[in-house]
Amino acid sequence: MTPPTSRTWARRGSTPVIRVRGRSQRRFSIAALCCYKPGERSRLIYRPRRHTDHKGGGRKSFAWTEYRDLLIAAHQQLDGPIVLIWDNLNVHKDRRMRVFIDAQDWITVYHLPPYAPDLNPVEGIWSVLRRTSQANTSFTDPDHLIRRLRHGLRQIQYRSDIIDGCLTGTGLTLTTPRLQGQ
């Protein structure tokens, strides 16, 4: 991950420089759910994953089973039904995922229109994460990166106002009329 840069300070006349040793071929993925319920604080449920064998033909992203496990964990943590509004990632529309969701009475799924990141509150989470805990950092090794990712996500988890702001940034509200699936 090339470190994102943000505004910083330095002595007058000297430009701050972050040295980066080159592009790593290591791969990390994070799946997250922004959870909203009227009258309760907003929550962020996430799972990071390091892909160790992606060069040898292994997966380069989350499998449908990992999304399934995330949904099951969210259902247990939230202790209630889930209305899931998903983007059009191919894994979200996988046949096996649909079979799993259809078998559960506690999940209702709606898909966002194709390429509509401005309607996805999780995109706001990624933006906040890049601008805060990831900005102006040159990671020394993959463990340093994953520690910073986890730390940044934990900070966001405890700030429901940030999670609420990500929903507000989409223009959607909790009282938005039902979306039509595609």
Side-chain angles (χ1 to χ4, degrees), residues 1 4-7 27-49 60-135 146 148-182:
M1 173 184 227
T5 55
S6 67
R7 182 170 276 173
R27 185 142 179 137
F28 295 93
S29 295
I30 305 171
L33 299 171
C34 291
C35 306
Y36 305 97
K37 188 173 184 180
E40 293 187 20
R41 74 176 186 85
S42 301
R43 299 180 62 179
L44 177 68
I45 299 173
Y46 65 91
R47 297 288 182 274
R49 182 171 190 273
K60 296 177 183 165
S61 62
F62 277 85
W64 79 272
T65 54
E66 293 164 316
Y67 282 106
R68 177 200 62 201
D69 295 344
L70 176 63
L71 290 173
I72 292 169
H75 176 61
Q76 290 172 347
Q77 287 181 31
L78 299 171
D79 193 31
I82 294 176
V83 176
L84 188 62
I85 301 179
W86 252 349
D87 57 16
N88 285 288
L89 186 65
N90 59 355
V91 178
H92 295 169
K93 293 188 160 209
D94 186 279
R95 176 189 52 79
R96 295 164 294 187
M97 180 58 89
R98 281 191 311 233
V99 168
F100 166 74
I101 289 171
D102 290 342
Q104 311 307 317
D105 61 346
W106 47 267
I107 300 178
T108 305
V109 175
Y110 296 98
H111 288 278
L112 291 171
Y115 195 72
D118 51 322
L119 296 177
N120 189 348
V122 174
E123 295 297 333
I125 297 294
W126 303 144
S127 176
V128 169
L129 185 65
R130 286 184 63 87
R131 287 181 287 125
T132 56
S133 68
Q134 305 299 297
I146 200 74
R148 289 295 296 261
L149 286 170
R150 286 180 185 268
H151 178 74
L153 287 166
R154 270 194 307 272
Q155 285 182 321
I156 294 171
Q157 263 186 323
Y158 294 115
R159 298 281 312 273
S160 60
D161 58 322
I162 292 174
I163 302 168
D164 290 340
C166 291
L167 179 64
T168 302
T170 66
L172 302 174
T173 64
L174 293 178
T175 58
T176 301
R178 293 183 70 122
L179 299 173
Q180 297 299 316
Q182 292 187 350

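None of the values given here were measured: they were computed from a predicted structure. Atoms considered below: every heavy atom in the structure, side chains included; atoms not considered: hydrogens, waters and symmetry mates.
- The shortest distance between side-chain heavy atoms of Pro48 and Arg150 falls below 4.5 Å.
- Using a 4.5 Å heavy-atom cutoff, the side chains of Leu70 and Tyr46 are not in contact.
- A donor-acceptor contact shorter than 3.5 Å links the side chain of Arg148 to the backbone of Ser133.
- Atom CH2 of Trp86 sits about 7.0 Å away from atom NE2 of His111, to the nearest 0.5 Å.
- A donor-acceptor pair is defined here as one N or O able to donate and one able to accept, closer than 3.5 Å; such a pair exists between the side chain of Asn88 and the backbone of Pro113.
- With rounding to the nearest 0.5 angstrom, the CE atom of Met97 is 8.0 Å from the OH atom of Tyr67.
- Listed for the Glu123 side chain is no donor-acceptor partner under 3.5 Å among the backbone atoms of Asn120.
- Closest approach of Cys34 and Leu44 over heavy atoms only: SG-CD1, 4.2 Å.
- Shown here for Gly124 and Cys166, the closest heavy-atom pair between the two residues is C-SG, 3.5 Å.
- Qualifying side chain to side chain donor-acceptor pair (under 3.5 Å) partners for Trp106, counting only residues two or more places apart in sequence or in other chains: Gln104.
- The shortest distance between side-chain heavy atoms of Asp69 and Phe62 does not fall below 4.5 Å.
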Practice task
Show your working on side chain to side chain contact (heavy atoms under 4.5 Å, CB included) between Gln77 and Arg43 and close with a plain yes or no.
Solution key: CA-CA 10 Å; Gln77 287 181 31; Arg43 299 180 62 179; 3.5 Å; yes
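- Under the 6.0 Å distance and 45° angle rule, Arg68 counts as a cation-pi partner of Trp64.
- One N or O on the side chain of Tyr36 and one on the backbone of Ile163 form a donor-acceptor pair closer than 3.5 Å.
- Between Tyr110 and Leu84, the closest side-chain pair of non-hydrogen atoms is not below 4.5 Å.
- Taken to the nearest 0.5 Å, the CG atom of Leu71 stands 6.0 Å off from the CD1 atom of Ile101.
- With His75 contributing its side chain and Ile82 its backbone, the two residues share no donor-acceptor pair below 3.5 Å.
- Residues Thr132 and Gln155 have side chains not in contact (no heavy-atom distance under 4.5 Å, counting atoms from C-beta outward).
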Problem - Steps toward salt bridge (charged side-chain N to carboxylate O under 4.0 Å, His left out) verdict (Arg47, Glu66) - result: CA-CA 9 Å; Arg47 297 288 182 274; Glu66 293 164 316; over 6 Å; no
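- A distance of 9.5 Å separates CG of Leu119 from CD1 of Ile85, quoted to the nearest 0.5 Å.
- Between Ile45 and Cys35, the closest side-chain pair of non-hydrogen atoms falls below 4.5 Å.
- Minimum interatomic distance between Ser61 and Ser29 (heavy atoms only, all atoms of both residues): CA-OG, 3.8 Å.
- Legend: residues meeting side chain to side chain donor-acceptor pair (under 3.5 Å) with Asp79, ordered by chain and number and at least two apart, are absent.
- Once rounded to the nearest 0.5 Å, the distance linking NZ of Lys93 with CG of Asp87 reads 10.0 Å.
- Annotation: the span from Asp161 atom CG to Tyr158 atom OH amounts to 15.0 Å, rounded to 0.5 Å.
- Using a 4.5 Å cut-off on side-chain heavy atoms (C-beta onward), Ile30 and Arg49 make no contact.
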